[in-house]
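Down below is the structure, laid out as structure tokens.
Here the structure is a predicted model, which is why all the values come from computation and not from measurement.
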Amino acid sequence: MGEPGQAVPHRPVMVREVTGLLVRGPGGFYVDGTVGAGGHAEALLEASGPQGRLLGMDRDASALAVAARRLARFGSRVELVKGDFREMKAVLAGRGVEAVDGVILDLGVSSMQLDEPGRGMSFRRDERLDMRMDREGGLSALELVNGADEGELERIIRAFGEERAARAIARAIVRARERAPIETTGRLAAVVREAVPARLRPRSIDPATRTFQALRIAVNRELEGLDAAIRDAAQLLRPGARLAVIAFHSLEDRIVKRTLRELAAPCVCPPGLPRCACGRSPLARLLGRRARRPSPAETESNRRARSARLRVVERI
């Protein structure tokens with residue numbers, strides 16, 4: 001990430017689309033539930049100035065420090081809070097905020113976290129395993145890889161990595177750690193690569209990619225409570241205000257897509273009922289039937305934008 005005070009080469013994804021969809025005039029109160037290095041927050045504050053305000057949340061203290069430097073020029077218009085976006089409802093209630101004018105959730109691990117030395121998230125750098133977004137607590141990847149039984153490892157790798165060789169990889173990890181604990185990203189990647197049969201090796205990515213993704217998701221509980229958090233964010237919107245969610249892999253996006261569709265559905269009764277018994281009205285409306293994708297120009301200049309999917313709803 002660089003030393004304090006240095007510029008961080010972080011590029012928010014689809015920032016123009018997010019800002020154009022959320023900010024519809026000057027002023028307003030916005031929430032960035034995954035503020036990271038502050039790229040989306042900066043654009044929202046600029047677009048809503050000079051009265052617009054923003055609360056930014058992140059569970060990564062290092063990211064918050066970067067965001068604080070980036071957003072310092074906005075003064076009292078911005079407040080940064082260390083916390084998980086799943087706690088958004090309680091955080092706002094504690095500040096007496098009952099409704100907001102827009103929410104952005106940029107899900108998953110950021111490029112800044114992947115690239116920062118000492119994080120132990122990526123096999124691009126051989127270092128001690130960790131993978132935690134919040135390094136102040138919680139189970140690390142080192143503890144998970146060396147402590148979980150073979151069945152649990154297989155479940156994680158299959159479910160969160162969609163890895164067909166999950167059983168072989170889990171077995172190889174257990175055998176390798178019996179010889180010596182797996183403590184570094186390099187050794188874990190080597191064990192995984194050797195375990196994946198040639199017929200199951202992906203053509204376009206490193207064979208260890210899916211396993212590392214799966215472990216990061218498990219360590220950071222990235223999918224846990226995501227649907228409830230999206231519902232909470234939508235309920236906080238004023239009528240006409242919007243929620244934007246950016247997902248980067250299919251597991252996230254399936255949850256986002258399903259939850260937003262449920263929020264926009266007028267009825268949740270089983271299909272076989274002769275008439276509606278739930279009496280439910282939709283909370284929001286979908287802005288577009290399909291996810292928005294980055295422009296060709298953005299994906300060409302920022303490879304990490306290629307997998308981004310943006311979905312938006314508007315509170316009714």
Ionic contact status for E262 with R231, cut-off 4.0 Å:
yes
Are the side chain of R53 and the backbone N or O of F29 linked by a donor-acceptor pair below 3.5 Å?
no
Could you report the tightest heavy-atom contact between G33 and M88, atom names first, then the distance?
CA-CE, 4.2 Å
Flag the pair R59 / R86 as yes when at least one side-chain heavy-atom distance between them is below 4.5 Å, and no otherwise.
yes
For a 4.5 angstrom cut-off between non-hydrogen side-chain atoms, does S62 reach E116?
yes
Quick one: does D84's side chain have a donor or acceptor within less than 3.5 Å of a partner on E87's backbone?
no
For the student: nearest non-hydrogen atoms of K82 and D134, plus distance:
NZ-OD2, 3.0 Å
Same cluster or not: I182 versus M121, using hydrophobic residues (I, L, V, M, F, W, Y) connected whenever any side-chain heavy atoms lie under 4.5 Å apart?
yes
The test is side chain to side chain contact (heavy atoms under 4.5 Å, CB included); show your working for R171 and V174 and say whether it passes.
CA-CA 5 Å; R171 185 179 300 120; V174 170; 6.0 Å; no
Side chain to side chain contact (heavy atoms under 4.5 Å, CB included), that's the test. Do M57 and T34 meet it? Break it down for me.
CA-CA 6 Å; M57 299 180 62; T34 50; over 6 Å; no
Any chain of hydrophobic side-chain contacts (each under 4.5 Å) joining F85 to L64?
no
Donor-acceptor contact below 3.5 Å, side chain R242 vs main chain R315:
no
Check: V81 and R95 side chains under 4.5 Å, non-hydrogen atoms
yes
Test: R304 and E298 ion pair at under 4.0 Å
no
Under the side chain to side chain contact (heavy atoms under 4.5 Å, CB included) rule, what do V100 and L92 come out as? Steps first, then yes or no, please.
CA-CA 9 Å; V100 301; L92 291 174; 4.0 Å; yes
Verify the cluster assignment for L237 and V23: are they in a single hydrophobic cluster under the rule of side-chain heavy atoms below 4.5 Å apart?
no
Without swapping roles, check the side chain of E143 against the backbone of S140 for a donor-acceptor pair under 3.5 Å.
yes
Do I173 and L188 have side chains that approach each other closer than 4.5 Å (heavy atoms only, starting at C-beta)?
yes
Which of E163, R164, R167, R210 passes side chain to side chain contact (heavy atoms under 4.5 Å, CB included) with R158? It is R167
Going by an N to O cut-off under 4.0 Å, is there a salt bridge joining E150 and R177?
no
Atom pair CD1/CG of I255 and L223 - distance to nearest 0.5 Å
4.5 Å
Please check this pair: side chain of R119 against backbone of M133, looking for a donor-acceptor N/O pair closer than 3.5 Å.
yes
Evaluate the side-chain proximity of T259 to V245: yes if any heavy-atom separation is below 4.5 Å, no if none is.
no
Co-membership, hydrophobic cluster, residues F123 and L114, 4.5 Å side-chain:
yes
L243 and L22, any side-chain heavy atoms less than 4.5 Å apart:
no
Which heavy atom of M112 sits nearest a heavy atom of A63, and at what distance?
CE-CB, 3.6 Å
Salt bridge (charged side-chain N to carboxylate O under 4.0 Å, His left out) assessment of R175 paired with E178:
CA-CA 5 Å; R175 289 176 177 172; E178 287 173 352; over 6 Å; no
I'd like to know if the side chain of R11 pairs up with that of S301 as donor and acceptor (distance under 3.5 Å, no hydrogens or angles considered).
yes
Checking I217 against H249 for the side chain to side chain contact (heavy atoms under 4.5 Å, CB included) test, could you report, in this order, the C-alpha distance in whole Å, the side-chain angles of both residues, the deciding distance, and whether it holds?
CA-CA 11 Å; I217 290 173; H249 58 73; 3.5 Å; yes
Salt bridge or not between R193 and D206? Use side-chain N to carboxylate O under 4.0 Å.
yes
Closest non-hydrogen atom pair between P282 and A264, with its separation:
CB-O, 3.5 Å
Hey, what do you get for CZ (F212) to CZ (R124), rounding to the nearest 0.5 Å?
11.0 Å
Any salt bridge between D126 and R187, counting N to O under 4.0 Å?
no
Walk me through it: do T185 and R128 pass the test side-chain hydrogen bond (donor to acceptor under 3.5 Å, both in side chains)?
CA-CA 6 Å; T185 57; R128 187 174 176 83; over 6 Å; no
For S250 and E162, which I'm curious about, is there any donor-acceptor pair between the side chains at under 3.5 Å?
yes
Do V312 and R292 have side-chain heavy atoms sitting under 4.5 Å apart?
yes
Measure the shortest side-chain to side-chain distance between L286 and R261 over non-hydrogen atoms and say whether it is less than 4.5 angstrom.
yes
